[in-house]
Amino acid sequence: MEKTFNAAEAEARISKLWLDAGAFRAGANAKPGAPAFSVMIPPPNVTGSLHMGHAFNNTLQDILTRWHRMRGFDTLWQPGTDHAGIATQMVTEREMAANGEPTRREMGREKFVARVWEQKKKSRGTIIGQLQRLGCSCDWDREAFTMSGAPGAPEGEEGNFHDAVIKVFVDMYRKGLIYRGKRLVNWDPHFETAISDLEVENIEVPGHMWHFKYPLAGGETYEYVEKDAEGNVTFREVRDYISIATTRPETMLGDGAVAVHPSDERYAPIIGKFCEIPVGPKEHRRLIPIIADEYPDPTFGSGAVKITGAHDFNDYAVARRAGIPCYRLMDTRARMRDDGMPYAEAAAIAMAVARGETTLTEAEVDTINLVPDDLRGLDRYEARKRLVEQITAEGLAVTVVRKSIDKETGAEHLERVPYVESKPIMQPFGDRSKVVIEPMLTDQWFVDTAQIVGPALDAVRTGRTKIIPQSGEKTYYHWLENIEPWCISRQLWWGHQIPVWYGLDLAAPDFADDEGDGALDPVEMLRLLGDGGYVTRDARFHCAADFAGVAERFRDDLAALPVPLNAARVVEVADRAAAVDMLAAALAEYETTQDPTRLIYPVWRDPDVLDTWFSSGLWPIGTLGWPEDTPELKKYFPTSVLVTGQDILFFWVARMMMMQLAVVNDIPFRTVYLHGLVRDAKGKKMSKSLGNVIDPLEIIDEYGADALRFANAAMASLGGVLKLDTQRIAGYRNFGTKLWNACRFAEMNGVWEGHETGPAPQPKATANRWIIGETARTLTEVNEALENFRFDQAADALYKFVWGKVCDWYVEFAKPLFDGPDAAETRATMAWVLDQSMILLHPFMPFITEELWGTTGKREKLLVHTDWPDLPVTLIDRDAEREMTFVTTLIDDIRSARAQVHVPVGLKADLVATSLTDEARAAFQRNEALIKRLARVDSITEGAAPKGSIAVTAEGAAFAIPLEGLIDITEEKSRLQKALDKLTKEIAGLKGRLDNPNFVKSAPEDVVMEAQANLEARQDEARKITEALKRLADLS
RNA sequence: GGGCGGUUAGCUCAGCUGGUAGAGCGUCUCGCUUACACCGAGAAUGUCGGGGGUUCGAAUCCCUCACCGCCCA
């Protein structure tokens, strides 16, 4: 054997060994009739690459998986990747730009989607290969993808995940769990799509708060009065305006009202009156009502809030309550709108609405563009700047007096300046695009989460699904109990296109075939096409898995229409505009031909795709073949454990819970293990800009996958932050080497000759019996730790056992034993112990252990499939344990004493036993050889302590090491005195407790007994040390 | 502002249902003792964030304050 394990050379070879053997296949190594153990990998982004978070997360999954597989469970670790809509589209577009390829829009949707598939194929291997380098024992043949089987999927991307997603959408739609609506959503102006609340990061940035005057309509005035807490008037003035504070002046253009709190006496006189928005051309100023609503905080700002329903979430709620129209001001890129009728006309309509003279449908409101002509098409921030200038120029900014002193004359100047507060404001940013999110009123699809959240909550409340650590459950409840509707439509091209088709609404209420002759004359036609006709009316829509499905439903709609429309043929076109054109052409043709068979009814598909989390929400059933009733689904669902980051609890875990329960009425997993974010050694988030990113592949290159894995396991205590330190990884690489060298030592001593794995031997020598017991104890610890997901405790137990027990002591004990009569049983014991070490370490360090397994003996199976031991506790031999504790502490004490009084390490000393109980003598005699070797002792005698010796005590024994002339007497005195001081303190503490009648009375009996025994032992030791000190005093 | 978590040796962290503090790394001293210098032997280091309470006894339970982190507003 080499001196160290060559990870770089061996890992690829061992990986291949496992893969060629099909070692990771679902059910591999399962015992007949064994229970299933299944884990779904949190699918990484298909274009992503492995970062430390993945490495950590997947190490834990692999440990669980390998552990269960070795225990004979029917094990499946399901791998796969996520199509990651926005991220993948972004990556692809970026690469296309870098290559000088045409843009997405130039290409068109179909070509672009094909291009993304190319990208997917290209990058898919990256992260999968990286997971394999980490040693992940997924069933790679089953690799899944959240868009497999989607239209346009190339060869090799078959599968039915797409079918599952579409089926779920259709089913949920039919059950009324999914609806479409114009709602305020988080709009990402960079990607020009809606995103969910969870994809928004709120960050505090420096901002400004402007204060403006909204003049009351018709020059009305009121008395504005401020009072203190006692009701005394502190300020009083007659005002003709209401003061409004805003951080976003550009949204003033869309104001629909000003709101004040109903209890706010200052504004009570003007509730119900109108005020003017101080923006836009003077002659077209809009008036808006002053309303009462609970939302405004009377203590904040002026207490009055402008209500811009289409651009603020709070305002939106107020607007809905009060029936205030929400005017959209921006386009998809968050520039001020530049469409629709001129401002003068739009403002006039809005005025009429505010006065209650007319009402508009939602669709009609959306056509009203209230951006003044001079601001149309401007960026939102440019528009803000200009508006502030315009309002200030008009004198409608609230001002404050500023005092300045002229440096030359010393004269005081008082001037009024606009009141602009500079203060930090919370701003929403897109987590991918990093641009400021704009609340935007758009048509979107929503899951009515309120309807499906109940079972997901119950599953955790009743314990059917357990979340670890438990604090995760609290967070889970808190979020789900306050859940908002989930916006699932995204204005992207890469994803599952929503299975909804739209058709023009031909059921104009005033449309009739006057003559009842089935012939459409121009008059009748005009009713269809004219004002209020299908061209402007909202579309009708139907949902089905495919076009054939919706066509049928549209035919049902048409059947209710008069002749000849009822016979129109349903065809699919690109979009609404195409449909309008085509229908017009078809009607025109009908007019001349009067041939109803040639009438067509064009429908178009919703261009939006589904939120990625909607599809990954089906990962547990989708990867197992649902909606088909596959054997895998029967066997591996619900899954056993989900291991994922706590940051993903809402995004994914909660949604999987809701969706699985809604779709198949079962929990997706029995246990959810949540872990923290991996950070650098100082606890900082790893980020490219900080330059503190640790690349797991570089770590694997340098230290080996096993070292990284063991470090991950050791870090995995419950809760908290995970700080990754390369020094620690190096330490665990050393740990692997330590085991390696123990096996190498065994090899040199013929331990492996003719060795085969077998049951524990039954040796006679105490050291051998002891280490077998220690092995059994460690197994219990590891099992218990893993059952409780305490990877850190399992790793710790293994580290202490292999290094602290096997290498530090047992290997040393074996050296003299190999030269004595117990050599054969010692070889057998060592072989067995090292075998167990490899087995127990395998889930944590699969490469080095598999390599050792293969080189050290004749093995029936690969280690990956070797049985996890089941060792009876009877292997723990209490007598052997006591005896070895005596021996090891004695050796430790002798070494320590020697070192402290500077006895040369190379010197072999004599040892005189000055007092021994029978038990101590027996233990001592049986292990003489070990003590001699490890404590560097030459000869052993019994007798009185010679002059000038150092004293060592042990349980039931006292020893002296005669070293007259060699030792530093002062040093020895101070050593003993120090020990005595410590003992005295302990004795005082123990005595104090035992002398306290309350302690003896109320403490449990065994605690009292233990304290008593402890006191006696300490006192005995103190006596021995005092004697030794006395001898030293005599000497000098 | 609301919720969750944390504060233990120089650093990173263990410490379960209360019985009087541990590990790894780092530091220092010594050592080429025939598995291993990715090693061995030895050593030092803590008013367990502050205050109060419950208890015979508190790092551990309760209250409170301070600071830090995360999530949601």
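Order of the sequence lines sets the chain letters (A, B, ...), proteins ahead of strands, with each chain counted from 1. Bear in mind the structure is a predicted one, so any value in this text is a computation, not a measurement.
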Should we say atom [atom1] of [X] is surrounded by more than 12 heavy atoms from elsewhere, each under 6.0 Å from it?
X        : atom1 : result
A/Glu787 : CD    : yes
A/Glu481 : CD    : yes
A/Lys466 : NZ    : no

A/Tyr476-A/Phe650 aromatic ring centre distance below 6.0 Å: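 No, ring centres 6.0 Å or more apart.
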is_close_aromatic(A/Phe791, A/Tyr673), centroid dist under 6.0 Å: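 Judged by ring-centre distance (under 6.0 Å), A/Phe791 and A/Tyr673 do meet the cut-off.
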Nearest-angstrom distance, [atom1] atom, [N] to [M]:
N     : M     : atom1 : value
B/G15 : B/G51 : P     : 25 Å
B/C65 : B/A44 : P     : 41 Å
B/C61 : B/G6  : P     : 10 Å
B/G57 : B/G53 : C1'   : 15 Å
B/U7  : B/A43 : P     : 29 Å
B/G19 : B/U27 : C1'   : 33 Å
B/U33 : B/C25 : P     : 22 Å
B/A58 : B/A23 : C1'   : 23 Å

On the nucleotide [N], are OP1 or OP2 found under 4.0 Å from the side-chain N or O atoms that [X] carries?
X        : N     : result
A/Trp740 : B/C39 : no
A/Lys978 : B/A44 : yes
A/Ser896 : B/A43 : yes
A/Asn741 : B/C38 : no

Please give, in whole Å, the distance from [N] [atom2] to [X] [atom1]?
X         : N     : atom1 : atom2 : answer
A/Ile931  : B/U33 : CD1   : P     : 23 Å
A/Leu994  : B/C56 : CG    : P     : 16 Å
A/Ile950  : B/G42 : CD1   : C1'   : 13 Å
A/His478  : B/G2  : NE2   : C1'   : 6 Å
A/Tyr476  : B/C72 : OH    : P     : 17 Å
A/Glu812  : B/C39 : CD    : P     : 15 Å
A/Gln1012 : B/U20 : CD    : C1'   : 17 Å
A/Phe791  : B/G24 : CZ    : C1'   : 20 Å

With a 4.0 Å cut-off on heavy atoms, is [X] in touch with a base, just the backbone sugar-phosphate, or nothing at all?
X         : result
A/Arg733  : base
A/Glu784  : nothing
A/Lys815  : base
A/Cys743  : nothing
A/Phe650  : sugar-phosphate
A/Pro1004 : base
A/Lys908  : nothing
A/Thr737  : base
A/Asn314  : nothing
A/Tyr703  : nothing

Any N or O donor-acceptor pair linking the side chain of [X] to the base of [N] at under 3.5 Å?
X        : N     : value
A/Arg744 : B/C36 : no
A/Lys3   : B/C36 : no
A/Arg993 : B/U20 : yes

Backbone of A/Leu817 reached by a side-chain donor or acceptor of A/Asp822 within 3.5 Å: no
Whether A/Asp796 side chain and A/Ala714 backbone form a donor-acceptor pair below 3.5 Å: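 Here the side-chain-to-backbone pair does not exist.
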Can you tell which of [options] lies closest to the side chain of [X]?
X        : options             : answer
A/Lys738 : B/G40, B/U12, B/C56 : B/G40
A/Arg936 : B/U33, B/A41, B/U12 : B/U33
A/Asn734 : B/A35, B/C56, B/C38 : B/C38

Distance-only polar pair, side chains of A/Arg993 and A/Asn996, donor-acceptor under 3.5 Å: no
Donor-acceptor side-chain pairing of A/His675 and A/Asn57 below 3.5 angstrom: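 Yes, a side-chain donor-acceptor pair sits under 3.5 Å.
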First of A/Ala899 and A/Thr4 reached from the 5' end of RNA chain B, by closest nucleotide: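 This one resolves to A/Thr4.
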5'-most by nearest nucleotide on RNA chain B - A/Gln727 or A/Arg933: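 Nearest-nucleotide comparison on RNA chain B picks A/Gln727.
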Within 45° cone of A/Phe745 ring axis and under 6.0 Å: A/Lys815 NZ or CZ: yes
Test side chain to side chain donor-acceptor pair (under 3.5 Å) applied to A/Tyr732 and A/Asp706, step by step: CA-CA 8 Å; A/Tyr732 293 127; A/Asp706 291 326; over 6 Å; no
Pairing pattern in dot-bracket form [Watson-Crick, G-U; both distances under 3.5 Å; | = partner strand] for RNA chain B: (((((((..((((.....[..)))).(((((.......))))).....(((((..]....)))))))))))).
